[in-house]
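Because only heavy atoms are used, hydrogens play no part in the values below, and waters and symmetry mates are left out as well, while side chains stay in.
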Amino acid sequence: VFSSASLLIMPQVASAEEYTGTGYTFSYPSEFALASKPVKTHLDEVLVKQGKRQIGVVVDRVKLNRLEDFGDPNFVGERVVKSELGRDGVTDAQLLSADKIVKKD
């Protein structure tokens, strides 16, 4: 089940590239380059890197009809950050912003 709400964790940038995935478009700074992951562990995922900095998007199936059933965008974002900080090798993760975006069909 895909929710109609999205989590935005990146500020607007002057120059951006785009990656179109399964049901979403990911804009990232043009200074970053697409990077491959050795093992695919999600339904869809994209990773971009610039030196030691990384930005990524993962898409997984959830057992919710709506993202709001789990929490508001800020709560969900903080849970994602907390989860990332608990992974091996992750030294920093920050929620820059979280907002609800309603997709009109």
Side-chain angles (χ1 to χ4, degrees):
V1 176
F2 292 101
S3 173
S4 61
S6 298
L7 178 66
L8 176 65
I9 57 172
M10 194 178 108
Q12 295 289 329
V13 293
S15 177
E17 302 292 328
E18 286 189 347
Y19 172 88
T20 301
T22 306
Y24 69 94
T25 299
F26 171 55
S27 297
Y28 59 92
S30 59
E31 297 82 16
F32 284 70
L34 284 171
S36 61
K37 285 186 63 182
V39 178
K40 183 179 175 182
T41 56
H42 301 279
L43 178 65
D44 193 18
E45 54 194 302
V46 61
L47 178 67
V48 294
K49 292 183 178 183
Q50 178 196 36
K52 293 183 179 183
R53 296 176 9 173
Q54 301 181 83
I55 302 171
V57 172
V58 298
V59 176
D60 288 311
R61 295 194 190 287
V62 296
K63 295 179 180 182
L64 299 170
N65 290 324
R66 301 175 323 135
L67 188 58
E68 292 88 356
D69 294 341
F70 186 69
D72 64 54
N74 196 62
F75 175 81
V76 174
E78 290 297 339
R79 290 290 300 262
V80 169
V81 168
K82 184 177 179 182
S83 174
E84 287 298 309
L85 288 171
R87 294 179 50 200
D88 269 354
V90 175
T91 59
D92 186 35
Q94 300 173 13
L95 178 65
L96 300 179
S97 68
D99 199 0
K100 178 178 177 178
I101 301 170
V102 179
K103 180 180 175 185
K104 296 182 181 183
D105 295 326

J.: Name all residues meeting the side chain to side chain contact (heavy atoms under 4.5 Å, CB included) criterion together with D72; count only those two or more places apart in sequence or in a different chain, and write none if there are none.
T.: N74, F75
J.: What residues, two or more places apart in sequence or in another chain, satisfy salt bridge (charged side-chain N to carboxylate O under 4.0 Å, His left out) together with E78?
T.: none
J.: Residues two or more places apart in sequence or in another chain: which of them pass side chain to side chain donor-acceptor pair (under 3.5 Å) with E45?
T.: K37
J.: Using the side chain to side chain donor-acceptor pair (under 3.5 Å) criterion, which residues pair with R79? Sequence neighbours excluded.
T.: none
J.: Apply side chain to side chain contact (heavy atoms under 4.5 Å, CB included) to L34 and list each qualifying residue two or more places apart in sequence or on a separate chain.
T.: Y19, Y28, V46, V48
J.: Show every ring-ring contact (aromatic ring centres under 6.0 Å, His included) that has at least one partner inside residues 32-65, sequence neighbours left out.
T.: none
J.: Measure across N65 and D69 and return the closest heavy-atom pair with its distance rounded to 0.1 Å.
T.: N-OD2, 4.0 Å
J.: Who are the salt bridge (charged side-chain N to carboxylate O under 4.0 Å, His left out) partners of E84, not counting sequence neighbours?
T.: R87
J.: Can you hop from V58 to V80 via hydrophobic side chains spaced under 4.5 Å?
T.: no
J.: Kindly write out the residues that satisfy side chain to side chain donor-acceptor pair (under 3.5 Å) with Q54, not counting sequence neighbours, or none if the list is empty.
T.: none
J.: Taking a hydrophobic cluster as the set of Ile, Leu, Val, Met, Phe, Trp and Tyr residues connected by side-chain heavy atoms closer than 4.5 Å, whether directly or through intermediates, do I55 and Y24 fall within one such cluster?
T.: yes
J.: Taking only residues two or more places apart in sequence or in another chain, which ones pass side chain to side chain contact (heavy atoms under 4.5 Å, CB included) with T25?
T.: E18, T20
J.: According to side chain to side chain contact (heavy atoms under 4.5 Å, CB included), who are the partners of D92, at least two apart in sequence or on a separate chain?
T.: Q94
J.: Work out which heavy atom in K49 is nearest to a heavy atom in L47; give both atom names and the distance.
T.: CE-CD2, 3.7 Å
